[in-house]
Amino acid sequence: MDESQLYAMRHSLAHIMAQAVQRLWSEAKFGVGPVVENGFYYDIDVPGVKISEDDFLKIEAEMKKVIEANYRFERSEKTTDEGIKWAEDAKQPYKVELLNDLKRAGTTVAKDLNKDEMGTIADGDAAVDKVSFYTDGDFTDLCRGPHAESTGKVGAFKLMRVAGAYWRGKETNPQMQRLYGVAFATQEELDTYSKMLEEAKARDHRKLGKELDLYTTSTLVGVGLPMFTPRGTILREKAAGISNQLRKSRGFEMVWTPNITKKDLYEKSGHWAKFGDELFLVKSQETSDEMALKPMNCPHHTQIYASKPRSYRDMPVRFLETTTDYRDEKTGELGGLNRVRSLTQDDSHVFCRKDQIADEVNGLLECAKELYGILGMKLRVRLSYRDDTDAYLGEQALWGSAQAQLKEAVTKSGLEYFEQDGEAAFYGPKIDFMATDAIGREHQLATVQIDFVQPQRFGLEYIDEQGSVAQPIMLHSATLGSLERFLSVYIEHTGGWFPLWIAPEQVRILTINDSVNDYVEEITTILSEVVLMKPLKYNELRFTTDDRNESLGKKIREATAWKIPVQFIVGPKDKEAREVSVRTQSGEQKVAFDQLAEYLKAL
RNA sequence: GCCGCUUUAGCUCAGUUGGUUAGAGCAACUGUUUUGUAAACAGUAGGUCCUCGGUUCGAGUCCGAGAAGCGGCUCCA
């Protein structure tokens with residue numbers, strides 16, 4: 001089955017689900033029912049009824065009846081006015097609204113309709129005067145198609161969940177119930193997908209975060225404010241360490257900025273107008289200053305740049321800071337480490353001349369490539385451009401040239417890329433890196449952004465070769481993104497089996513009985529002197545000894561549950577032979593006492 | 001913030017139509033056992049059944065409000 005057949009099949013299932021719902025609740029009002037990744041959904045509003053997941057068996061049974069009846073999908077056309085009449089007669093107010101938009105503006109995509117067009121009259125340039133309908137048995141729906149030939153040819157499906165969704169994605173609109181289903185050509189593919197979901201559940205960072213004792217939360221501290229345990233803090237330090245190491249080797253210098261700041265800084269940067277409602281406000285009891293917890297670091301870095309005169313010879317100036325920002329996100333958006341109110345960025349800012357943009361962007365691309373290579377994640381790039389709305393600052397011409405330069409750098413880097421309008425930051429276009437994890441999911445983590453707005457707003461300058469004043473360009477970049485989000489992804493990517501360099505506990509020595517205590521002491525003396533050099537330099541070895549009065553089986557079971565990458569088993573036989581039985585995920589081998597340090601350094 | 005679901009021991013979970021003193025496994029603690037490749041044995045302790053309010057002779061169980069977690073929507077500098 002090819003992509004278009006799969007699409008038609010999923011789309012047909014959305015109709016069949018709506019049909020089943022209509023049979024069960026004749027007063028159901030229907031919104032839209034598109035195809036999404038792996039399946040489909042339909043937005044439905046049944047007045048006075050909340051469809052729950054308990055109803056899925058009932059709905060699925062009704063869907064099966066429709067499928068068994070094998071109705072043909074019959075296409076028909078009406079004029080738009082006839083269509084509106086049909087929808088009114090069928091008591092489908094949402095369809096009436098869609099048809100009216102088609103008539104006026106030729107589209108039903110809410111995003112394409114500007115504020116004035118939503119629900120009022122616009123000019124009819126792109127108006128559609130004929131619309132198509134599809135009928136299968138007792139169900140007819142406004143629809144562009146295409147569909148499967150008949151309801152019998154729809155493959156394997158399963159209803160997954162029901163969730164609230166705003167009509168046409170607008171927060172001010174009423175909320176409908178969105179019924180999600182997944183669908184594949186064959187039952188085997190559906191089973192494979194279900195297995196992938198189970199695998200994802202088993203790797204869930206919130207589950208592993210608890211099991212591996214990486215982070216915790218407390219209602220006394222607050223929602224979206226995770227705290228990291230000793231083990232989790234090692235992950236943070238090692239991840240930030242490697243990110244910093246890569247950029248330091250490319251000329252970045254570490255800086256430090258405070259966590260609270262006068263509101264004035266953000267008024268000047270433009271963030272206050274755009275994100276003011278998401279700042280945590282702080283009051284001074286000594287001065288009249290209005291303060292805020294910092295939500296980002298770029299304005300501070302501009303002030304370090306501006307602290308002294310800069311020459312064209314000083315450029316580029318590169319600052320790097322791993323620091324925690326605070327954003328008062330809406331509570332419903334928070335969850336796990338993925339979306340938090342305290343987020344730690346590995347944030348850097350380059351101040352450079354226009355002619356240096358390409359090289360600097362290129363260096364940052366190289367950093368990202370190298371880092372994600374080490375992490376074992378495939379990268380591709382989204383070039384995020386502005387759209388025609390007024391959500392952006394700065395001159396249009398600057399945007400054009402910046403977007404072109406970003407594209408050139410990305411093309412040169414050889415990274416796979418795609419372009420998307422409307423995803424830029426308000427101050428400039430960006431490169432977003434999409435990293436693919438071990439089970440094929442894509443995550444947005446690293447970013448490189450061009451900014452010509454803040455240098456202007458803060459009046460940043462340098463003296464050029466002619467001795468006149470020039471304005472630098474600013475490049476924002478984070479390679480891990482936020483440590484919290486990165487760790488949520490990386491924990492799930494590795495399933496908690498961290499590679500040696502970052503594993504909180506790298507080696508655990510499991511003793512068989514007390515007779516080997518003196519030999520274990522010799523081993524720990526060696527281990528405490530081991531320093532690993534790859535991929536992170538000067539990485540001291542983190543090891544523990546399990547010499548409890550327990551069976552070897554139990555010690556192995558526990559060490560494996562903790563996902564300790566290297567387990568040393570030490571018993572009388574090992575002591576006798578002056579060796580250690582080393583267990584790793586790839587098997588067990590004997591390593592001579594004299595070779596232990598070399599063995600670990602080579603891992 | 002909005003819609004829906006969930007909340008019982010440190011963890012994972014049982015708990016019938018509202019009915020005596022709320023259970024299990026693991027973890028913890030104590031004792032015995034000194035153990036060779038994924039759980040030795042026995043015992044002890046551990047509860048604001050998320051919180052507040054209501055209905056009832058009686059609430060873990062029913063109702064209301066709130067909190068937190070989860071699935072989405074919206075948002076994401």
Side-chain angles (χ1 to χ4, degrees), chain A residues 36 41 43 45 50-54 110 160-180 201 204 206-207 210-211 213 216-220 222-224 266 269-279 294-299 325 327-336 338-341 343 345 347 391 393 423-428 430 432 444 447 449 451 453-454 476 478 481-482 485 510-517 547-562 567 569-575 581-583 587-588:
Chain A
V36 290
Y41 70 78
D43 284 345
D45 175 23
K50 293 287 176 204
I51 296 174
S52 79
E53 285 169 23
D54 298 337
M160 297 301 283
R161 63 179 64 97
V162 56
Y166 297 110
W167 167 234
R168 311 188 84 177
K170 276 199 58 139
E171 213 174 343
T172 48
N173 280 346
Q175 218 163 23
M176 305 183 73
Q177 286 189 285
R178 179 168 295 178
L179 273 60
Y180 281 94
K201 213 172 165 185
D204 190 312
R206 292 165 298 201
K207 181 172 174 281
K210 194 179 270 181
E211 285 174 8
D213 192 19
T216 189
T217 55
S218 154
T219 53
L220 286 176
V223 281
Y266 305 115
S269 70
H271 289 94
W272 182 262
K274 197 159 165 67
F275 299 107
D277 55 342
E278 285 176 51
L279 294 189
K294 72 172 168 183
M296 94 299 292
N297 318 301
C298 31
D325 296 336
R327 298 177 184 179
D328 198 1
E329 306 277 6
K330 294 175 187 171
T331 52
E333 291 160 353
L334 301 168
N338 219 322
R339 196 72 182 269
V340 291
R341 295 198 291 176
L343 55 137
Q345 303 201 68
D347 203 6
L393 301 179
E423 291 289 327
F426 75 85
Y427 47 66
K430 26 178 205 172
D432 291 316
Q444 186 196 315
T447 178
Q449 314 179 355
D451 183 353
V453 171
Q454 290 192 65
H476 306 240
S482 94
R485 177 176 286 186
L510 314 178
T511 62
I512 287 174
N513 62 37
D514 292 349
S515 73
V516 298
N517 287 357
D547 56 3
R548 289 175 306 164
N549 179 9
E550 297 285 356
S551 67
L552 178 62
K554 183 162 184 170
K555 292 180 182 183
I556 289 174
R557 187 184 160 86
E558 284 185 13
T560 307
W562 281 103
Q567 300 167 18
I569 293 166
V570 180
K573 290 177 208 160
D574 301 285
K575 180 182 170 182
S581 306
V582 180
R583 261 180 77 106
E588 183 166 330

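Just so we're on the same page: letters track the sequence lines, and every chain starts at 1.
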Nucleotide nearest [X] (side chain, heavy atoms from C-beta), chosen from [options]:
X	options	result
A/Ala163	B/A38, B/G72, B/G36	B/G72
A/Arg161	B/G72, B/A38, B/A40	B/G72
A/Lys430	B/A40, B/G72, B/A77	B/A77
A/Glu278	B/U37, B/C73, B/C75	B/C75
A/Tyr180	B/C73, B/U74, B/A77	B/C73
A/Leu552	B/U37, B/C70, B/C3	B/U37
A/Arg548	B/U74, B/A77, B/A28	B/A28

Counting Watson-Crick and G-U wobble pairs with both distances under 3.5 Å, what is the dot-bracket string for RNA chain B, 5' to 3', using [ ] for crossing pairs and | for pairs to another strand? (((((((..((((.....[...)))).(((((.......))))).....(((((..]....))))))))))))....
Mind checking whether A/Tyr427 and A/His476 have parallel, tilted or perpendicular rings, split at 30° and 60°?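 Ring orientation of A/Tyr427 relative to A/His476: parallel.
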Can you tell me how the ring of A/Tyr180 sits relative to the ring of A/Tyr41, calling it parallel under 30°, perpendicular over 60° and tilted otherwise?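 The rings of A/Tyr180 and A/Tyr41 sit tilted, inter-plane angle from 30° to 60°.
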[X] side chain N/O closer than 4.0 Å to the phosphate oxygens (OP1, OP2) of [N]?
X	N	value
A/Lys210	B/U12	yes
A/Arg206	B/G71	yes
A/Lys555	B/A40	no
A/Ser551	B/A40	yes

What pairs of nitrogen or oxygen atoms, one from the protein and one from nucleotides 63-66 of chain B, lie under 3.5 Å apart?
none

Between the side chain of A/Gln177 and the main-chain N/O of A/Ile51, is any donor-acceptor distance below 3.5 Å?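 Yes, the answer is positive, given that a donor and an acceptor are paired below the 3.5 Å cut-off.
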